[in-house]
Structure formats: C-alpha cells, structure tokens
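A short write-up of the structure that comes next.
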Amino acid sequence: MPELPEVQTVINSIKKELINSKIIRCELFWKNIIYNCNNNDFIQFIENKVINDIYRKGKYIIYELNQGFMVCHLRMTGTLFITKDKRNKNHIQACFTIKSSPNIYLSFKDIRKFGGFYYFEDIRNLYKKIGTDPFDKIFTESWLLKNIKKQQRMIKHLLLDQKFICGLGNIYVDESLWSSMIHPETLSHNINRKKIKALYKSIIIILEDSIKHNGTTIKDFEFNQFDNMKTGTYKNRLKVYNRDKRKCKRCFNIIIKIRVASRGTHICLSCQKK
DNA sequence: AGGCGTTCCTGGGGGC
DNA sequence: TGCCCCCAGGAACGCC
C-alpha cells in the first residue's frame, strides 16, 4: 500500500513531465472516482487548467493548478504514471491528456478502485482534515513528546491516525515501532520519554531511507512495470513488516503476526515488550 | 475519549 | 483443474 515514501516516489517520477503542462482533457472511467463532487463537475473544474506545481501532504498528492487544486489519494492499489499510449492497460480508472501531437498522458491505475481524486478551490479545506506531515517543520521531538502524552490510545492506532500524523501506514508504523522497541498495543501516555525520542528518530530515518530507495514495492503496489517508474527496493531493508515466522534481525527470536487496531501487525515480542 | 464494525473493491490464496 | 469463500486494508462514518 502506498504510504509517504511511495507517494513521494510517484511524485518524483511524474513531476518533471507535469509542471507547466495544461490538462487538455480528463477522462474518468469509474463512477466513484471523485470523492468530493460529481465526475462531470470535476472535469469542468480541472480541464484547461495549468499545473503550476505538484507536491504532497501525507499520502495526498496535490496538483496546484492556476486556479484551484486537484488532489489524488492512491489508497491501497492506486498508482500514477506518464505514458504515450493510453490503450491496452487494465484497471485504468482515469486518464489526463497533458500534451498533444504527440500525445502524452497521465494515467491513474487502480485495481481495487479505492483510490481517487478531490477538487479543492482552497487547499486549506484539505489541510484542516489531516494532521502533521513527518517532514513538516512543526514535527519535532518536542511536538511528538507533547502530543503522544496527551492521548491514551494504543500507539499503533494513534500513529495510523492521519489526523494525528499524516503519511504513515501499516508498513512504516510496524517498522518504526520495532526500531524504537515499543509494543504496538502500548497506551500512548504510558510510553516513556526515551522511547518517544527513539520513535521520533526512527520515523524520520526510516522514511528518509525508504524514499532514498524509492519506497517499498510489494504485491499490491507493483508500479515497476512502467518506463518512468523505478522499482522500490526498500522491501529488502524491512526489519519486521511481512517477516513473520522469520528471525528478528536484532535478537534472532521469531517475529510473529498479530492484530492491532484491526490491522495485521508484525512484532518481535522479545524486543517489543508491553 | 477511544475502540470497533461496516462500507467501498478485487485478486489471490486456502480448502475441498 | 476448478470452484467457492474469504480476506487484506486507508479512510470515513456510525455506534457503543
């Protein structure tokens, strides 16, 4: 599932082609693809607009247009790629023509159809719904200390909450908690300062390292099939995620998989004590 | 306040 | 080989 590093990798691979391009045409192939308005209105909002910039906040990809903002969320299986040929690819749910003669398209592929787009006239309407991005200036050690202590929630649940920190998902929460030796079911206000500091460092280091390696490519999110996409190799550097029944890289005990916050959760019980 | 179940979807895996 | 069932999960929402 695309999380912050995978979203950044997608942006890095399409940005150059899109900046200063006009969305000449928008075709939508799935009725529920637009989250906050109907498909025809969305097309009216974005067609013939120029893309001034493209960046992300958490897992949201933001296209800054000369008027308004087009926003994309990849959810579980979505991906975006630049192509010269919009035909004969399965699961294409949207196609944006960004150059003509010869044609260049931005395609949105999504097998499970959970992903989609928003249009915002004012981007603050998105920002007020989500929390702090780990690369925002305000995300500091003291911010994390203060805000983790404020709540009494299972730490995994809290870290997955996009209204708290936006960008982390199941993979990087499991990795960060293993790295900082915190059991995912620990109530947030009970975690000591030393471990919260370790958690802060883990989150930043793991995300930076994953971005450097173009993210994690697993089953559901194989975007290496397109010319302009790099294969994420962070999969080879994962310490716990998807490594149940294998040995912990720190203590050599067996990693197990449990359920926390209704999510598959990978832990080393010897490293991550309650 | 915080946790949990449901919904949206489809490919793939397990069981028989 | 084939068929059916069930499951994974990000985010929104309702309920307790």
Side-chain angles (χ1 to χ4, degrees), chain A residues 1-10 28-39 56-62 71-80 89-94 108-118 120 125-134 146-177 183-191 207 215-225 235 238 240-245 256-266 274:
Chain A
M1 60 297 310
E3 304 179 29
L4 190 154
E6 291 74 35
V7 169
Q8 188 62 54
T9 300
V10 167
L28 304 175
F29 306 116
W30 172 239
K31 61 184 171 69
N32 294 332
I33 197 169
I34 309 300
Y35 295 116
N36 68 339
C37 63
N38 71 52
N39 287 13
R56 55 152 204 88
K57 168 105 172 169
K59 305 173 199 169
Y60 293 83
I61 299 170
I62 301 167
V71 174
C72 177
H73 199 301
L74 304 172
R75 296 285 183 102
M76 299 300 298
T77 54
T79 191
L80 291 156
K89 289 250 172 40
N90 293 326
H91 310 298
I92 301 296
Q93 314 298 354
F108 175 67
K109 172 179 169 167
D110 189 9
I111 294 170
R112 291 192 202 162
K113 298 175 175 171
F114 280 9
F117 295 81
Y118 305 77
F120 291 104
N125 290 328
L126 169 68
Y127 289 172
K128 69 188 180 190
K129 292 195 301 181
I130 54 182
T132 308
D133 186 281
K146 187 177 77 182
N147 288 287
I148 278 187
K149 288 285 184 187
K150 255 193 221 169
Q151 302 190 51
Q152 309 187 24
R153 297 171 62 185
M154 283 189 292
I155 187 64
K156 172 148 185 174
H157 207 346
L158 183 58
L159 294 177
L160 284 172
D161 185 349
Q162 304 297 301
K163 288 186 179 66
F164 180 58
I165 296 173
C166 62
L168 297 178
N170 213 25
I171 299 174
Y172 297 103
V173 167
D174 278 10
E175 290 295 308
S176 300
L177 290 174
H183 191 289
E185 288 173 330
T186 314
L187 293 179
S188 54
H189 67 293
N190 289 334
I191 304 174
L207 292 178
T216 304
T217 307
I218 3 187
K219 276 188 219 162
D220 280 344
F221 189 59
E222 287 175 356
F223 55 77
N224 54 330
Q225 54 194 298
K235 178 173 65 175
L238 293 173
V240 276
Y241 186 83
N242 249 359
R243 293 195 70 251
D244 45 307
K245 297 179 186 141
I256 59 163
K257 184 173 180 181
I258 60 172
R259 283 192 84 75
V260 181
S262 313
R263 296 283 179 276
T265 300
H266 311 78
K274 269 197 195 181

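As the structure is a prediction and not an experimental result, all values here were calculated from the model. Heavy-atom basis, side chains included; hydrogens, waters and symmetry copies ignored. In the text below, chain A, chain B and the rest are named by the order of the sequence lines, each starting its count at 1.
Listed candidates were B:dG3, B:dG11, C:dG10. Nearest to the side chain of A:Ile111 is B:dG11. Distances from the side chain of A:Tyr118 to the nucleotides B:dG3, C:dA12, C:dG10 place C:dA12 closest. With distances taken from any side-chain atom of A:Met154 to the nucleotides C:dA8, C:dA11, B:dG3, the minimum falls on B:dG3. Between B:dG3, C:dA11, B:dG11, one nucleotide has an atom nearer to the side chain of A:His91 than all others, and that is B:dG11.
With rounding to whole Å, A:Lys257 atom NZ is found 11 Å from C:dG9 atom C1'. For A:Lys129 and C:dC13, the NZ to P distance is 8 Å, given to the nearest whole Å. Nucleotide B:dG3 holds its P atom 15 Å from the NZ atom of A:Lys163, rounded to whole Å. At whole-Å resolution of the value, NE2 in A:His157 and P in B:dC4 are 7 Å apart. If you measure from atom CG of A:Asn170 to atom C1' of C:dA11, you get 14 Å, rounded to the nearest angstrom. A straight line from CG of A:Leu74 to C1' of C:dG9 spans 14 Å, rounded to a whole angstrom. Between the CG atom of A:Leu126 and the C1' atom of C:dA11 there is a distance of 13 Å, given to the nearest Å. Taking atom NZ of A:Lys113 as the reference point, atom C1' of C:dA11 lies 19 Å away to the nearest angstrom.
Rounding to the nearest 0.5 Å gives a distance of 8.0 Å between CE of A:Met154 and CG of A:Leu187.
No engagement by A:Tyr35 is indicated, since no non-hydrogen atom pair under 4.0 Å with the nucleic acid exists. Here A:Asp110 lies out of heavy-atom contact (under 4.0 Å) with every strand. If you check every strand for non-hydrogen atoms under 4.0 Å, A:Gly115 touches nothing.
A distance cut-off of 5.5 Å between ring centres, combined with a plane angle under 30°, places A:Phe114 in a stacking arrangement with the base of C:dG10.
Less than 6.0 angstrom separates the ring centroid of A:Phe117 from the ring centroid of A:Phe108.
Checking the phosphate oxygens (OP1, OP2) of B:dA1, no side-chain nitrogen or oxygen of A:Gln151 falls inside 4.0 Å. In terms of phosphate contacts, A:Asn32 brings a side-chain nitrogen or oxygen within less than 4.0 Å of OP1 or OP2 of B:dC9.
Between A:Gln152 and A:Arg75, the residue anchored nearer the 5' end of DNA chain B, judged by the nucleotide with its closest heavy atom, is A:Gln152.
Between A:Asp133 and A:Leu4, some side-chain heavy-atom pair lies under the 4.5 Å cut-off. The shortest side-chain heavy-atom distance between A:Thr265 and A:Val173 does not fall under the 4.5 Å cut-off.
A donor N or O paired with an acceptor N or O is found under 3.5 Å between the base of C:dA8 and the side-chain atoms of A:Arg112.
Between A:Tyr35 and A:Tyr118, the ring planes are tilted. Angles from 30° to 60° get that label.
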